[in-house]
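Some notes on the structure that comes next.
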Amino acid sequence: MSTINDVNICIATPNGSGSASANNILFKSIFKMGIPCSSKNMFPSNIQSMPTWYEIRASSAGFGSRKDVIDVMVTFNPETGASDVGKLRENGLLLYDTGACEESWLSRNDIQKIGFPATELSKQIPNAKIRSKLRNMIYVGVISSLFGISREVLIAVLRDTFGDKPEVIESNLMAIELGSKWVEENQVTQDICTLVTIEGGNKGKILSDGNTCSALGAIYGGVSVVAWYPITPSSSLAETMEKYLPELRMDEDKNPTYAVIQAEDEIAAAGIITGAGWAGARAMTATSGPGLSLMNEMIGLAYFTEIPSSYFIVQRGGPSTGLPTRTQQSDILSMYFASHGDTRHVILLPHDLQTCFEFSKLCLDLADQLQTPVFFASDLDLGMNIRPSEPLELKSPSLNRGKLIHEKDIEAQGNQFRRYFDLDGDGIPQRTIPGNQHPKAVYFCSGAGHNADAKRSEDPGDYKELLDRLLKKNHTARLLAPQPLVETSETSRIGMISFGSSVEAVREARHRMNQDGIKTSHLTLLALPLSPLVKDFIQKHEITLIVEQNRDGQVASIVRMDWPELAQKIDSVLVYDGLPVTAGSVHRLSMEKLGGKLL
Amino acid sequence: MSTINDVNICIATPNGSGSASANNILFKSIFKMGIPCSSKNMFPSNIQSMPTWYEIRASSAGFGSRKDVIDVMVTFNPETGASDVGKLRENGLLLYDTGACEESWLSRNDIQKIGFPATELSKQIPNAKIRSKLRNMIYVGVISSLFGISREVLIAVLRDTFGDKPEVIESNLMAIELGSKWVEENQVTQDICTLVTIEGGNKGKILSDGNTCSALGAIYGGVSVVAWYPITPSSSLAETMEKYLPELRMDEDKNPTYAVIQAEDEIAAAGIITGAGWAGARAMTATSGPGLSLMNEMIGLAYFTEIPSSYFIVQRGGPSTGLPTRTQQSDILSMYFASHGDTRHVILLPHDLQTCFEFSKLCLDLADQLQTPVFFASDLDLGMNIRPSEPLELKSPSLNRGKLIHEKDIEAQGNQFRRYFDLDGDGIPQRTIPGNQHPKAVYFCSGAGHNADAKRSEDPGDYKELLDRLLKKNHTARLLAPQPLVETSETSRIGMISFGSSVEAVREARHRMNQDGIKTSHLTLLALPLSPLVKDFIQKHEITLIVEQNRDGQVASIVRMDWPELAQKIDSVLVYDGLPVTAGSVHRLSMEKLGGKLL
Amino acid sequence: MSEAKEFLNRLNLAEKDYSGAPSTMCQGCGHDAISASIRKAFYDSSIDPKQVIKLSGIGCSSKTPAYFLGKAFGINTVHGRMSAVATGAIVANHTLLPIGVSGDGDTSAIGLGNFCHMIRRNLNFTYIIENNGVYGLTKGQFSATADKGTALKKGKINQNEAIDLCELAITMGATFVARSFSGDRKQLAPLIQAALAHKGLAILDVLSPCVTFNNHEGSKKSLKNIRAHLDPIHDIDFMPGAELIEVDYKKGSETEVVLYDGSIVTLKKLHENYDPMNKMGAILELNQAKTDGKFLTGLIYFEPNRPTFTEQLDIRGTALAYLPEDKLRPSIKHLDAINKKLSM
Amino acid sequence: MSEAKEFLNRLNLAEKDYSGAPSTMCQGCGHDAISASIRKAFYDSSIDPKQVIKLSGIGCSSKTPAYFLGKAFGINTVHGRMSAVATGAIVANHTLLPIGVSGDGDTSAIGLGNFCHMIRRNLNFTYIIENNGVYGLTKGQFSATADKGTALKKGKINQNEAIDLCELAITMGATFVARSFSGDRKQLAPLIQAALAHKGLAILDVLSPCVTFNNHEGSKKSLKNIRAHLDPIHDIDFMPGAELIEVDYKKGSETEVVLYDGSIVTLKKLHENYDPMNKMGAILELNQAKTDGKFLTGLIYFEPNRPTFTEQLDIRGTALAYLPEDKLRPSIKHLDAINKKLSM
Ligand SMILES: Cc1ncc(C[n+]2csc(CCOP(=O)(O)OP(=O)(O)O)c2C)c(N)n1
Ligand SMILES: Cc1ncc(C[n+]2csc(CCOP(=O)(O)OP(=O)(O)O)c2C)c(N)n1
Ligand code: SF4
Ligand code: SF4
Ligand SMILES: [Mg+2]
Ligand SMILES: [Mg+2]
């Protein structure tokens, strides 16, 4: 049964072989047709020649998570061909190069197979140098003809992509045409899916990835010091800032209103933003697990001395080097408890491009408001995979610098200032920064025990008071941080909680469960520490499943620690194989969990 | 009412003023009289001139934790004199130097006061250079006469201490005599306590601190590579090893069977033991909170690659630099979850000198058995304060090297070896080490994803299998690690759990509660992950209080995570001001907690 | 009763206006003497403490910023990371005058990598190492600047060659490298003044005996041994730029180095042919001194015109930390354009 | 069909016995060429792979130990910490022959401090830096050995002076420092042989173009630019000690350096008066080459007789890792004595 605009195409290639560009053009073309679509790039920790899979999903219902079924497989990687064929669904379509195919791939009889002579065809490309790269464009041509992507759309996308390089457009187009002509000449067809333009579909929408939107969010959030050390999958966040900053953040004298520093390591990156935060700049770093591990000590300093600083953590498969190019949500507890000693941190959990954009600014705001390190927790799937979104919207009107006070403020309050005194009962003291000329403004900042006047103290009472106030501040954060989004249905006894890059898969899984007759409510968690609304939500439901991309149910652990009385009302759905989570796995695992409990 | 052998003497001095030696001699003298006694040194993070308090407790009932009441205060520190006087109990005894005393100190009328001219008397010491140091010995003399420590005992202790330096013995004795003569001549008395020799008391007992016993334990545990970086309060653990190793661990050719490496930082220290562990040596490091924070990344590598390594963490007041010379148990979660990614670690929790000795070897054993980093969690109180104990006993007969296999083992099992294959279903694979000449022994060890054959793999299935097996190993550890000590009483509805340096205070607090008519059971926790016996214990009691020296109830959190169904049956008693925990505070806080629940 | 008239500097501040909290160092610790020289240097150069930031790592030495310039903001960071924290603070506010104090353990052990990278960047920063060859605060273990053959109090002998932080700093591209001795205020104070006036990174490696843990026979960094082997390469004088204008400074004495703010450093040579602007010469001389068992002191290397880190970053004008919101946030118009571009 | 006779070395091993897993480097990557030279060096020196341990950090370069000597144990550690892990492994088993591969990012950025300290200790270790001036594996950002003025593919210009790892290594006291080029197997392979035979730490800084991210115009570490500016200080030959005995080696050619195991390195001078055993001379020459825009290659510095780290620790005989229990545990008698002493 052929669908309209519902298909999942998986393209298997060796990386560094030029397929990235071909896949991108194919994906953008489908987007341009107005069809709801998404893409997932599953690439190796390597620069050239190792297996990559790029999945493009068109979903008429508008589901954007990775699909658990592969309808079309393009096998352009001899190394993985045999196993790739095995991943195709029954009646799925295998596309392969007759010039680079092994017999074993063709043994399945329950699938459709279309072999085309890509290698042979590519010889018609005059420039031998680019021939092997352009071989990938041939499958773009084949697919476009098989599924119904028009030449006009392809040309428009080529233009958008290669703008000022007509010769590149031309050579790519030629390769595409080699493919589509072959289909037409050979009158090949498939009965998987037809792609049909939706007028006005995707109109105004953008295509981007989380890291780009985070970078833009931080720039609009007034960040002025960025220190980072390269590491996948966070590098592109910092690098995108480096790209946009020069155009967005020059003052009238053409001087930058920012500094981006590629540090010598993550300890230095954390040190730099701690120093910058102490001196009053809005400062951030971006890193992933291994960098986070190295930053622990500095995070403890910032926590204990109450220095605003923002840590953008783009999570990947851990522990250790783990799967550096695969996705996971397994650094939650590492962030939450970062540093030795009694520490608790604030973590923001964006789940789409708009929240990536918004929460980046919010992260800088909250760091200033709470005077503490704040974490922005993304992951590889959210950070690096291209997806559609409504245009980015600047919601919060101005920067919140919290209780940062200046000369006139000190005067206004009777020439009094006590750096670490809980003036307002929210645990958050006032703060001055170097350069303040008021004689009472000065304090000495130290990671060793100190009293409310910032004097070093080993007094047991002072010390306990400080620790208790820091915890109070963390409680304040429960309400200051973004509150969860709750969708409840009166009739549902089952709650589901998800966050980050799982949210979209859970939406689809709930849809399927609904079709099975199982109604669920949903809470999108946007931050830690947990809001009281999470408690309400769990209390309201007989059972709440917390969906996470880690082995240990890290957010569920936090729920148990915070509200032990609710502990028996929650259970975990855990997906942690490094691939973007699918609705299918959430659906299946949820049903398993519920099986024993409710049904 | 004067007691016999029940007193808590607090000696307040500036540090670096020579009081350490005087206090030590006083304490040892009481020990030598056969009286149950203990000492607590509360010193500043500084080398000279800042306030130190040394408390000596004699307890006829044999309670060894810090006493919450000060019976005698020796005010030899002008800086803290006024507040020190305030700490004395009613009818307590103030001892002060009439030559260095402020009027304000003498304003309390509810105490006994004895001023003696220490400064004046010290002028009789001929050698002017050592006069100010020996001034401290004068209070030793005064106390000995006031409380009944005989000259013979003092001389014996001086001999033990200064063995081969008769001139030092003599000058110290002279200073002591200046003090005691003054008491005798002036016929001064007190009615606080009389110290009375107990024949055969303390017989055979040793006086030592946890760090010394850990050091000896590791040496007897066959450690061969020690890498460390100085940090209070763990330095003395490594330094004691350096002291004992040359006499204990030379082979017949006078070559050392060990290496101690003072690394350039904690990352290097962790790296060195990881390298040594990989290569097959039993290796350890010793550090405290800040060092632990820095070691996170390396710990993750060892966890993921399954390299045995032992981390001796002597906890202090955190977070950050915190109170570096004060005690705490606040690095439990940092150890438990060390490193980014899904990690769980094994932690040993010694609580007295014998367990410090035993668990050090056990730590090295478990690291080898489980092929993972194992933590030995001590703290400043346990590690650095001198206390009596039965002689150290070597219990476990031989070293356990776990599944470390050699050429003949591989042959015996059919020339097969798979580094990361779960042969026995306990999650623990077999291990070979470099130097093994069997052609099948070799493997490439990597912190990146790998399969059971130690080949690098990004396959989602391989990755999940690995993570799951690592968790299984952690479950195996629940039974492999030392099981808790349980003292239950049939009639008690209340359980108490404690560990480490709190155990002794809890013993005394339970005694007091028992006197109040409240019966309690007790579980001494010896390791994490939690043993199933902990679950049984909690289940058996209506309410279980977990006593911890941290703000956040870190062990309680782990209980909640592991057994959410028990969460409502536990509560926390938290003491975290940096001073050694007292029975009084445990008693008071426990009653507060119970108040609302049971009484 | 007549009050003694206080001497005031050009800002009408007395020396006591440059003091801080009472020291908690051991009596006789070299670090206290260095604090005194720092106070004197700031006073003599008439620098407003409110324009200064003080930084440090962890150690006895790193505690000392609390003991001078109590009117300046200060931060005590973590062990070995002053260089990184200073980098951030200086980038956030390049208009302030930063001074840092570190120990030899802090700098040459745990902090070595970050130290080297800070040097490469030519941060505008005065970085003082209070070098006693041991970890003072943790009770006297060897640091990486402990001299080969030195004995610990407990007897252990150091087998490793000491890291020469001046040689290393020159190799890594430092633009101002000096060595001095805590007890030589006449040399140290003007060196600090010159370092503060230098545009770029100034490293001062100051020998500073630890009287508690490293002052015995057998220690090469004992007070006595240092005193006996000091080898100054010149006598040094410093004249702040501002004062020059007033006193109509007469040029021509010995060697003069004019700093970017017009200050003048006068070096009266004691070593024949020593040119502090010759990198290779400086390294050779340092190595010769090592061979001779001497402590070369003075301004060892100097390079005046390299762009500082904030200059490389084009940071000028208002400090980043003080930029108002309208400078920090791009316009909505720009966002619209970006959205448009992303939708193509 | 006649089979081509395989050439075998003294251990009767063929070159393929020194191979590893297939490489996953980009085609043409300098690192692959270095792997080939490593294989050749081990083969030529007739070293038993089972006696070798291989170590690395993280990076493209650090992956390569999987691609040679598949019969040797290997470990891929964490970014920048090979030096520390190697220290532990070598102390645990000093009887094996250790070789490590790191990248310029791994060594000169995150790992710099630990690298310097490893050098100070004179670990008996062959440490190869595959130096391409960029972070290859993270897609081409500058490393700290990127040359000043070099442009990234995307246009960014490096403002910092490159760290010269050879100069730094000499300054920190390395006892064997060489530079070579991945494409010059004739020079590189004997240098590796000499490094393996050296008793002490051998640093080999090998220029190794990243053909994917750092091979464009404007890059000083492009294949083309390196080739054009190579400046070898000598031709080098290596003769393993064991073979010498057999072939009755005739002494007297050019400069010879005899290594502790009897191996002989022959250096045919190309640079007048260059003495690889003169530390200051080596540093001067490196700086001159930098000024001239040249890549000096060859055995730059060499010091034969410094005790290695394990020698300093008095580790001899059986490896610590292989000590039996009776060597590792003191007797109960000793414990009794300790208990007795503690009870006094
Ligand atoms: C991460 C970390 N490791 C270790 C320590 C313990 N520590 C405190 S000060 C110090 C050494 C200080 O030596 P140095 O910098 O030479 O200063 P000094 O006390 O000699 O002036 C060390 C190792 C620490 N605070 N943090
Ligand atoms: C702690 C940590 N930070 C960052 C990374 C990411 N990372 C992986 S390889 C690499 C750089 C490698 O560069 P280099 O050592 O020069 O090797 P090359 O790839 O150029 O051969 C970085 C930054 C990491 N793995 N770990
Ligand atoms: S221990 Fe040494 S460095 Fe520290 S204050 Fe005392 S003398 Fe100074
Ligand atoms: S990215 Fe560069 S360094 Fe890495 S394999 Fe490719 S060419 Fe080699
Ligand atoms: Mg020092
Ligand atoms: Mg590189």
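To find a chain, count down the sequence lines: A is the first, B the second, and so on, and within it residues start at 1.
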Measure distances from A:M250 to the heavy atoms of chain C and classify the residue's part below 4.5 Å as side chain, backbone, both or neither. neither
The reported gap from OG1 in C:T310 to CD1 in C:I90 (rounded to nearest 0.5 angstrom) is 8.0 Å
Ranking C:A72, C:C116, C:P49, C:G113 by heavy-atom pairs under 4.5 Å to chain A gives rank one to C:A72
Proximity breakdown for C:L96 and chain A, heavy-atom pairs closer than 4.5 Å: side chain
Under 4.5 Å from a heavy atom of chain C, the part of A:K28 involved: side chain
Side chain, backbone, both or neither: which part of A:I273 has a non-hydrogen atom closer than 4.5 Å to chain C? neither
Side chain from CB out, backbone as N, CA, C, O: work out which of these in A:A269 comes under 4.5 Å of a heavy atom of chain C, or both, or neither. neither
Hey, which of C:I338, C:D48, C:D326, C:I332 has the most heavy atom pairs under 4.5 Å with chain A? C:I338
Any idea which of A:P434, A:A279, A:P391 has the most non-hydrogen atom pairs under 4.5 angstrom with chain C? A:P434
Chain C contact via A:N436 - which portion, at a heavy-atom distance below 4.5 Å: both
Strictly by modelled atom types, are C:Y67 and C:T24 linked by a side-chain donor-acceptor pair under 3.5 Å? yes
Tell me, for A:A259 versus chain C, whether the close heavy atoms (under 4.5 Å) come from the side chain, the backbone, both or neither. both
I need the residue from C:V52, C:T318, C:N339 with the largest number of non-hydrogen atom pairs under 4.5 Å to chain A. C:N339
Does the A:S360 side chain pair with the main chain of A:G217, one donor and one acceptor, at a distance under 3.5 Å? no
Tell me if the CZ atom of C:R316 is crowded by more than 12 foreign heavy atoms within 6.0 Å. yes
Nearest non-hydrogen partners of A:L353 and A:S208, listed with the distance: CD1-O, 3.6 Å
Scanning both residues in full, the closest heavy-atom pair of C:N114 with C:G80 reads OD1-O, 4.2 Å
Most chain A-contacting option - heavy-atom pairs closer than 4.5 Å, from C:H79, C:H117, C:Q51: C:H117
Return yes if a side-chain donor-acceptor contact under 3.5 Å exists between C:N122 and C:T308, otherwise no. no
Can you tell me which portion of C:R120 sits under 4.5 Å from chain A's heavy atoms? Options are side chain, backbone, both or neither. neither
Below 4.0 angstrom, N of the basic side chain to O of the carboxylate: do C:E311 and C:K199 qualify? yes
Selection from A:A283, A:A448, A:G435, A:G447 maximising heavy-atom pairs under 4.5 Å formed with chain C: A:G435
Would you give the length of the straight line joining atom CD1 of C:I38 to atom OH of C:Y18, rounded to the nearest 0.5 angstrom? 14.0 Å
I'd like to know which of A:G221, A:A441, A:S389, A:G204 tops the heavy-atom pair count under 4.5 Å against chain C. A:A441
Side chain, backbone, both or neither: which part of C:K71 has a heavy atom under 4.5 Å from chain A? backbone
So, C:H198 and C:T175: side-chain donor and acceptor under 3.5 Å apart, yes or no? yes
Could you tell me whether A:E247 atom CD has more than 12 heavy atoms of other residues or ligands within 6.0 Å of it? yes
Please flag which part of A:L216 lies under 4.5 Å from any non-hydrogen atom of chain C: side chain, backbone, both or neither. side chain
What do you reckon, is NZ of C:K139 surrounded by more than 12 foreign heavy atoms closer than 6.0 Å? no
For the candidates C:I53, C:N93, C:V78, which exhibits the highest count of non-hydrogen atom pairs separated by less than 4.5 Å from chain A? C:V78
Heavy-atom cut-off 4.5 Å, strictly under: side chain, backbone, both or neither for A:S446 against chain C? both
So, C:F115 versus C:Y127, ring centres under 6.0 angstrom or not? yes
Which region of A:K32, side chain (C-beta onward) or backbone (N, CA, C, O), has a non-hydrogen atom less than 4.5 Å from a non-hydrogen atom of chain C, or is it both or neither? side chain
Residue A:K361 versus chain C: region with a heavy atom under 4.5 Å: side chain
Sort out for me which of C:V91, C:L55, C:I315, C:I75 touches chain A most, counting heavy-atom pairs under 4.5 Å. C:I75
Measuring heavy-atom distances to chain C, does A:T432 have an atom under 4.5 Å in its side chain, in its backbone, in both, or in neither? both
Show the nearest heavy-atom pair for residues C:S343 and A:F31, with the distance to one decimal. O-CE2, 4.1 Å
Does any heavy atom of chain C fall under 4.5 Å from the side chain of A:A268, the backbone, both, or neither of them? both
For the residue pair A:F417 and A:Y443, does the interplanar ring angle fall in the parallel (under 30°), tilted (30 to 60°) or perpendicular (over 60°) class? perpendicular
When you look at CG of C:N305, are more than 12 heavy atoms from neighbouring residues, nucleotides or ligands closer to it than 6.0 Å? no
Name the region of A:R456, side chain, backbone, both or neither, that has any atom closer than 4.5 Å to a heavy atom of chain C. side chain
For each of A:T274, A:I261, A:D251, A:N202, tally heavy-atom pairs with chain C at distances under 4.5 Å, and name the one with the top tally. A:I261
Relative to chain C, which segment of A:F357 carries a heavy atom at a distance below 4.5 Å: side chain, backbone, both, or neither? side chain
